[in-house]
Amino acid sequence: MSRYYRDGKAKIQYIPKKGDVMDTCATISNKYVCCNVQVIKTVSNCPFDCSYCFLQDYLNDGNTKVIQDIDAIMANVHEKVDREPNRLFRIGTWELGDSLALEVQTGQAAALIERFRDIPNALLELKTKSDVVAPILTLDHGQKTVVSWSLNTHAVVNAEEHKTARLADRLAAMKAVYDAGYLVGVHIDPMILHDNWEIEYTDLVDQLFAHIQPDHLAWLSIGSLRFKPEMKKKMESNFPGSSLTAAEMVLGDDGKLRYPKPIRNQMYAHILADLYRYLKPETLIYFCMERWDMWQRFFGEGPHYTAMHYGHLYPLPQSIEALDYHFAQSITDRYPHLNLPKPTRSAYGLPID
Ligand code: SF4
């Protein structure tokens with residue numbers, strides 16, 4: 001399996017669209033507060049080689065596959081978004097790969113950006129660890145695409161995110177799309193314990209906001225290292241130099257290993273304090289794959305290091321639908337010129353107040 005996993009990264013295979021390619025992000029779980037992002041599975045496998053990547057355990061056919069038929073993909077998207085015109089759909093292309101790593105070869109992101117520009121109730125999210133932005137800089141995107149980066153400390157990028165763009169290159173690419181008028185997203189995920197992690201994560205946040213202003217930061221997520229127990233052996237055999245599996249971890253309700261809660265508390269408190277030196281209260285920040293009690297701690301009323309203490313505008317979401325609604329509120333309030341549907345609670349399946 002390991003060998004096939006790496007072999008398939010080298011060559012792109014173009015495949016026809018078969019069946020439904022749009023779905024809710026596979027990690028959605030009612031034990032966790034999920035963001036309800038939709039994904040279109042346009043690419044499977046990735047040329048990068050992160051030691052914590054779930055694909056090494058997930059893909060049973062290691063080939064890198066790309067769906068080329070944009071018309072067929074978009075027909076599927078329209079079939080879903082046209083049915084609920086009053087709801088804002090956030091739709092990503094990164095579930096099984098990187099949204100931009102193969103852009104020079106495939107041109108897929110550029111084709112999608114141009115199609116999403118004219119959809120009245122959807123935003124496309126491209127998520128990447130690459131610096132491949134040249135092919136999209138001059139497109140007429142209408143700000144309907146959020147170009148997002150997974151960011152980590154310089155030390156984590158160098159030690160665990162093999163073949164990806166180095167941190168300085170990712171940030172330079174982010175600045176280029178910001179200057180080209182795109183909305184930008186940031187995912188500080190997975191936070192990883194390592195030597196001097198506090199200083200390193202503080203430095204990451206300082207570097208991020210030395211490159212962009214928070215005005216075009218559409219959203220920002222935080223998460224910590226997690227993986228299924230059965231992945232541990234594969235990580236150790238695929239990445240013998242990595243020490244990720246040596247840390248103390250506990251099994252969560254979703255069957256994934258994570259750092260114990262006191263450690264996660266410490267990491268999130270630290271990064272929130274750093275982020276709120278720059279963030280505006282109306283920027284939506286959220287956890288990826290975290291339990292309700294963690295949300296309660298950081299987004300409920302409480303200690304001085306919570307998001308609410310820093311003025312975060314959106315109350316603790318009581319459901320996945322409520323978080324989805326907060327996304328729509330944050331985006332429509334901050335970017336009224338996009339003419340996205342004004343969110344109503346009923347459009348998100350929420351009881352009327
Ligand atoms: S960039 Fe994402 S999909 Fe690619 S190897 Fe890293 S974790 Fe996996």
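One-based numbering along the sequence shown. Counting starts at 1 for both ligands and their atoms, following the listed order.
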Counting C-beta onward and ignoring hydrogens, is there a side-chain heavy-atom pair between P47 and T64 closer than 4.5 Å?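 Heavy-atom side-chain distance check fails, nothing below 4.5 Å.
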Part of L96 with heavy atoms under 4.0 Å of ligand 1, whether side chain, backbone, both or neither: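 No part of L96 is near ligand 1 at this cut-off.
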My understanding is that only residues two or more places apart in sequence, or in another chain, count here; which of them pass side-chain contact (heavy atoms from CB on, under 4.5 Å) with A168?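 None.
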Counterpart residues, side-chain contact (heavy atoms from CB on, under 4.5 Å), relative to V104 (two or more places apart):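 Partners of V104 under the side-chain contact (heavy atoms from CB on, under 4.5 Å) test: V132, P135.
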Can you tell which of Q56, K9, K129 gets a heavy atom nearest to atom 7 (S) of ligand 1?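 Answer by nearest heavy atom: K129.
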Walk me through it: do H337 and Q143 pass the test side-chain hydrogen bond (donor to acceptor under 3.5 Å, both in side chains)? CA-CA 10 Å; H337 59 278; Q143 267 195 342; 2.7 Å; yes
Taking only heavy atoms of L55, which atoms of ligand 1 are found under 4.0 Å from at least one of them?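 Going through ligand 1 atom by atom, the ones under 4.0 Å from L55 are 3 (S).
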So does C53 have any N/O/S atom less than 2.8 Å away from atom 8 (Fe) of ligand 1?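 So C53 does bind atom 8 (Fe) of ligand 1 by this criterion.
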Just checking: C46, one of its N/O/S atoms, less than 2.8 Å away from atom 6 (Fe) of ligand 1, yes or no?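 No, C46 does not qualify, because none of its backbone or side-chain N, O or S atoms lies under 2.8 Å.
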Test of ring centre spacing under 6.0 Å for F299 and Y286: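 No; Y286 has its ring centre 6.0 Å or more from that of F299.
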